[in-house]
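Just so you know, ligand 1 is whichever comes first in the structure, and atom 1 is the first atom listed for that ligand.
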Amino acid sequence: MFLSFNHRNIAGTVIAILVLLLPVSAQGADDAIEKLPPSNIWFAPAADGSDLPDAYLQSAALQTEGKDPHSALFTETEFPSAVTCGRCHQKIFTEWASSNHAYASISPMFHKFEQAINDLSSGTIGSFCVRCHQQVGTQLGEPRELPLWDRSIVAREGITCVTCHRVKAEFGKVNGERHIEPGPLSDPVVGIGRAENLGEVLQNSEEYKVAGAPGEEGTEIHLGAIEFEQIGDSQFCVSCHQVAVNLGIKLEVVWEQYRDSPAAEAGITCQDCHMGKVPGEAEGYAEWPVAIVNGRVVGDPKARHSNHAFYGPGYPIAHPGLFPFNPRGLRWTIKEWLTFDYRAGWGEPDWEDQLTAGGLEKPDFPPEWTTRKDRMFARFVIQQNEKLLEDKRRDRLAVMENGSRIDGPFFDGSPPERGEDLDLRYRVTNTDKGHNFPSGSLGAQPEIWLNVALINPDGENVWESGYVDSLGDMADLHSLDVAAGTVEHDDQLFNLQTKFLTTNVKGTDREMYLPVQFDIDQLPFLRPANVPTSVLNHPPFVRMEGRSIPPLGWRDAEYSIPGELLTKPGTYRLQVRMRSRAEPIYFMRFVGATKEMEQRINDWMIDIHPYAVEFEIK
Ligand code: HEC
Ligand code: HEC
Ligand code: HEC
Ligand code: HEC
Ligand code: HEC
């Protein structure tokens with residue numbers, strides 16, 4: 001099964017997804033390069049004849065109209081957009097476009113959470129969150145409360161190309177305090193030394209149609225590359241991926257886990273597992289040219305290729321016109337996109353035909369969507385984006401399956417007997433050598449749990465653990481339905497999600513999903529402690545309850561099924577699956593997420609390693 005993932009990664013996302021006319025195989029990669037259009041389809045002339053990135057620059061200018069007339073240009077000269085880089089690094093651009101790095105700034109959940117925590121803390125959190133998620137914007141001096149639609153486009157790109165390729169000093173675990181070198185596109189990029197052929201391109205600037213020197217005609221290009229070893233090391237990632245809040249609460253802990261892991265010992269880096277050809281495994285890298293300039297392949301067509309999808313369990317829930325990052329989508333503003341009803345048939349030929357024929361009641365279109373032509377163009381953008389999202393979904397399942405294993409069920413002691421209580425267990429193993437499963441990042445609240453069900457000989461589901469309530473939440477103490485008494489508490493739930501524990505006034509611990517003061521508890525998140533954290537080892541009144549599994553470790557999920565459910569002779573079936581979701585719904589409600597956001601979070605839930613076994617009761 002994984003062959004197909006490899007295949008895609010070798011053969012190229014750009015080609016495999018976007019140039020659907022070209023079926024490519026792994027061996028066909030060379031041919032594919034020959035046939036690759038001058039640039040990625042995103043840059044080819046659009047249906048309306050507009051070209052990119054000129055069209056992009058125009059829309060950027062349009063979108064800042066009425067504000068500082070130079071601001072679009074200005075940000076381009078300081079921090080070039082990914083679109084500009086993508087002109088020559090098409091495959092990397094396309095991988096990045098649907099990555100969670102590209103999503104960091106646009107993420108609706110980020111904004112709801114960020115606003116909620118700022119409100120709860122009376123603003124003391126300040127720009128803490130935006131400095132990682134919207135680092136370029138922060139460096140440009142955009143205020144934290146500036147709405148997404150008023151930000152520069154490069155700030156909307158989140159962790160964009162220059163966020164990594166314009167950093168040339170080593171930063172440690174500094175909660176996102178890094179420095180991105182400002183400067184025009186012609187300034188050097190930072191890399192690991194894969195620009196041996198850049199000199200040749202610059203010398204033959206006419207052939208490659210590039211501006212080989214400042215002021216020269218041709219496509220703009222960086223006139224140099226700085227070699228910086230740290231970008232190839234795990235340490236490079238931790239200035240953002242290890243997060244400590246003021247009192248020792250850690251929102252990201254992946255570095256701590258990695259540092260002591262078998263992977264670190266073996267010299268396997270974050271990049272090896274997250275940018276290689278197999279999602280989540282250090283199985284080497286795909287091959288692809290480093291750059292294709294105006295249709296000409298530069299250097300070795302089989303150079304080592306670092307996949308910029310940054311595989312992981314995360315997924316986007318933004319409007320599909322706004323994410324993945326599609327330069328064509330920039331034709332409309334964020335506010336305009338939000339009024340495009342993508343769930344209805346707008347812009348689909350059949351639907352449009354029916355509308356024209358009078359077979360549909362005409363929706364009250366907002367001004368920018370009144371013409372069929374515009375709706376069809378918008379639908380085209382959404383369809384391109386949905387292709388990228390399908391791939392993301394596949395990679396996500398692959399990284400989760402590659403990082404874990406389920407064994408069992410094991411019936412310890414005697415085999416299942418009629419009318420007897422049945423004790424069983426499944427073993428969940430973290431097959432990833434790099435860090436815990438899941439790493440246990442708290443800010444993100446990601447969930448991974450086991451869902452086990454017993455089906456009796458009549459095909460009825462008679463027992464289950466890991467079921468969900470009416471919102472889709474697990475039936476634990478946080479479930480709103482459990483609190484209301486409409487759903488039974490899931491006593492045997494196996495859940496790997498990390499939780500905060502707070503000490504309440506009675507001195508007992510209780511689970512809490514966001515330890516800020518919404519009742520009489522202390523405000524450990526934000527207020528200075530009166531006892532040094534080093535004395536208590538954790539902040540007063542709050543600590544973390546980690547339940548994730550260490551590298552190569554395992555944990556047993558134990559269940560007991562009452563004998564009264566096993567009185568019928570015949571064949572019983574035990575079904576198991578691990579489920580993964582980015583956010584709990586109770587938490588989304590808490591920060592004021594919309595129904596649409598809830599729906600999309602649930603739509604993307606995946607089943608990892610689903611299987612069933614049968615046993616007989618005589
Ligand atoms: C030091 C950098 C850093 C800071 C500061 C930071 N984050 Fe994050 N954030 C991350 C990283 C890295 C991830 C991905 C973690 C993962 O998948 O395990 C993430 C993921 C998230 C996610 C889940 C993904 C999504 O977009 O839905 C949300 C929500 C989020 N952060 C909100 C916040 C909020 C709110 C704050 C401020 C309280 C904050 N972050 C501060 C680095 C940071
Ligand atoms: C006009 C084409 C063009 C544009 C635009 C362009 N590059 Fe490049 N890039 C190249 C070429 C050519 C090379 C060298 C390839 C080789 O040596 O095989 C290169 C190499 C690189 C490398 C490898 C450096 C190393 O030392 O490993 C990185 C990283 C890079 N570019 C990033 C970027 C970023 C970021 C942008 C946007 C700010 C960008 N490029 C824009 C053509 C371009
Ligand atoms: C989160 C950080 C990060 C972001 C964002 C990022 N890169 Fe990279 N990039 C890397 C790392 C790490 C490497 C590989 C270094 C190594 O060899 O270990 C790399 C390698 C490259 C290379 C060298 C060729 C290769 O495949 O190894 C190019 C070119 C490049 N990146 C361009 C881009 C472009 C264009 C973008 C934006 C669309 C981008 N990068 C976004 C971190 C990043
Ligand atoms: C400037 C800060 C920054 C840097 C540097 C950075 N990341 Fe990230 N990374 C983030 C943020 C923020 C997110 C989550 C964004 C979101 O989903 O809202 C993220 C998401 C991810 C994810 C996806 C997680 C998921 O749940 O799917 C992976 C994997 C990842 N990063 C790996 C890396 C690696 C490997 C490096 C180093 C080469 C790196 N990152 C460098 C900020 C950063
Ligand atoms: C041996 C391979 C391997 C190495 C090394 C590795 N990872 Fe992962 N990573 C995985 C796999 C597999 C997953 C998916 C399963 C999971 O969520 O733990 C993952 C998941 C993640 C996630 C998603 C969030 C989560 O809670 O799991 C982030 C973020 C991440 N890795 C960042 C990093 C960073 C940063 C490093 C380096 C410090 C790193 N990884 C090293 C294999 C690896």
### Query
Any ion pair linking Arg194 and Asp300 (charged N to carboxylate O, less than 4.0 Å)?
no

## Note on the structure
Per-atom filter on ligand 2: closer than 4.0 angstrom to a heavy atom of Glu196 are 17 (O)

### Numbering as shown, the atoms of ligand 1 that approach Ser107 to under 4.0 Å (heavy-atom distance)
25 (C), 26 (O), 27 (O)

### Message
Looking at Glu114 and Arg144, is there a salt bridge between them, counting it only when a charged N and a carboxylate O are closer than 4.0 Å?
### Response
yes

### Summary
Residue, atom and distance of the protein heavy atom nearest atom 3 (C) of ligand 2 read Cys88 SG, 2.7 Å

### Query
Between Glu283 and Lys277, is the closest basic N to carboxylate O distance under 4.0 Å?
no

### Task
Output the list of atoms in ligand 2 that are nearer than 4.0 Å to some heavy atom of Leu185, sorted by atom number.
37 (C), 38 (C)

### Task
Flag His241 as yes if one of its N/O/S atoms falls below 2.8 Å of atom 8 (Fe) of ligand 4, otherwise no.
yes

### Query
Would Glu200 count as a contact of ligand 2 if the rule is a heavy atom under 4.0 Å away?
no

### Numbered atoms and elements of ligand 4 in range of His274, under 4.0 angstrom, heavy atoms
29 (C)

### Message
Would you say Ser306 and Gln271 are linked by a side-chain donor-acceptor pair, where the criterion is simply a distance under 3.5 Å?
### Response
no

### Message
Between ligand 2 and Glu227, can you find any atom pair, the residue atom being a heavy atom, that is separated by under 4.0 Å?
### Response
no

### Heteroatom proximity flag, Pro313 to ligand 4, N/O under 3.5 Å
yes

### Task
May I ask which of Cys129, Ser105, Gly158, Ser127 has a heavy atom nearer to atom 37 (C) of ligand 1 than the others do?
Cys129

### Query
Does the shortest distance from atom 8 (Fe) of ligand 4 to an N/O/S atom of His101 fall below 2.8 Å?
yes

### Protein heavy-atom partner closest to atom 26 (O) of ligand 2 - residue, atom, separation in Å
Gly193 N, 3.0 Å

### Query
Which residue holds the protein heavy atom closest to atom 42 (C) of ligand 2, what is that atom called, and what is the gap in Å?
Ile221 CD1, 3.7 Å

## Note on the structure
The atoms of ligand 1 lying under 4.0 Å from a heavy atom of Glu114, numbered in the order shown, are 35 (C)

### Message
When you measure from atom 8 (Fe) of ligand 1 to the N, O or S atoms of His133, does any of those distances fall below 2.8 Å?
### Response
yes

#### Entry: Distance filter under 4.0 Å to Met109 heavy atoms, resulting ligand 1 atoms
27 (O)

### Test applied, side-chain contact (heavy atoms from CB on, under 4.5 Å); reference residue, Phe437; option that passes from Asp432, Leu496, Thr431
Leu496

### Query
Can you tell which of Ala211, Ala82, Ala195 gets a heavy atom nearest to atom 24 (C) of ligand 2?
Ala195

### Message
Which of the numbered atoms in ligand 1 are under 4.0 angstrom from any heavy atom belonging to Cys132?
### Response
1 (C), 2 (C), 3 (C), 4 (C), 5 (C), 43 (C)

### Query
Glu598 and Asn602: side-chain donor and acceptor closer than 3.5 Å?
no

### Task
For Asn100, counting its heavy atoms only, list the atoms of ligand 4 lying under 4.0 Å from any of them.
15 (C), 16 (C), 17 (O)

### Summary
If you compare Phe587, Phe128, Phe110 by their heavy atoms, the one closest to atom 32 (C) of ligand 1 turns out to be Phe110

### Query
How far is atom 39 (C) of ligand 2 from its nearest protein heavy atom, and which residue and atom is that?
His222 CD2, 3.3 Å

### Message
So, 4.0 Å and heavy atoms of Gly312: is ligand 1 close enough to count as a contact?
### Response
no

### Task
Answer yes or no for Arg178 and Phe236: cation-pi contact, defined as NZ/CZ to six-membered ring centre under 6.0 Å and angle to ring axis within 45°.
yes

### Message
So, 4.0 Å and heavy atoms of Gly191: is ligand 2 close enough to count as a contact?
### Response
yes

### Query
Among all protein non-hydrogen atoms, which one is nearest to atom 36 (C) of ligand 2, and what is the separation to 0.1 Å?
Cys85 SG, 2.9 Å

### Query
What residue and atom, counting heavy atoms only, is the protein's closest point to atom 22 (C) of ligand 2, and at what distance?
Val189 CG2, 4.1 Å

## Note on the structure
Closest heavy-atom approach to atom 16 (C) of ligand 2 among Thr163, Leu202, Asn197 is made by Asn197

### Task
Could you establish whether Tyr311 and ligand 4 come within less than 4.0 Å of each other, counting only heavy atoms on the residue side?
yes

### Protein contact of atom 15 (C) of ligand 2 - nearest heavy atom, named by residue and atom, plus distance
Val290 CG1, 3.7 Å

### Task
Consider ligand 4: state whether an atom of it lies below 4.0 angstrom from any non-hydrogen atom of Arg178.
yes

### Task
Starting from atom 27 (O) of ligand 2, find the nearest protein heavy-atom neighbour and note its residue, name and distance.
Arg194 N, 2.6 Å

### Task
Could you label the plane-to-plane angle of the His435 and His274 rings as parallel, tilted or perpendicular, counting under 30° as parallel and over 60° as perpendicular?
parallel

### For atom 8 (Fe) of ligand 2, the closest N/O/S atom belonging to His89
NE2

#### Entry: Pairing of Asp391 and Arg394 as salt bridge, 4.0 angstrom limit
yes

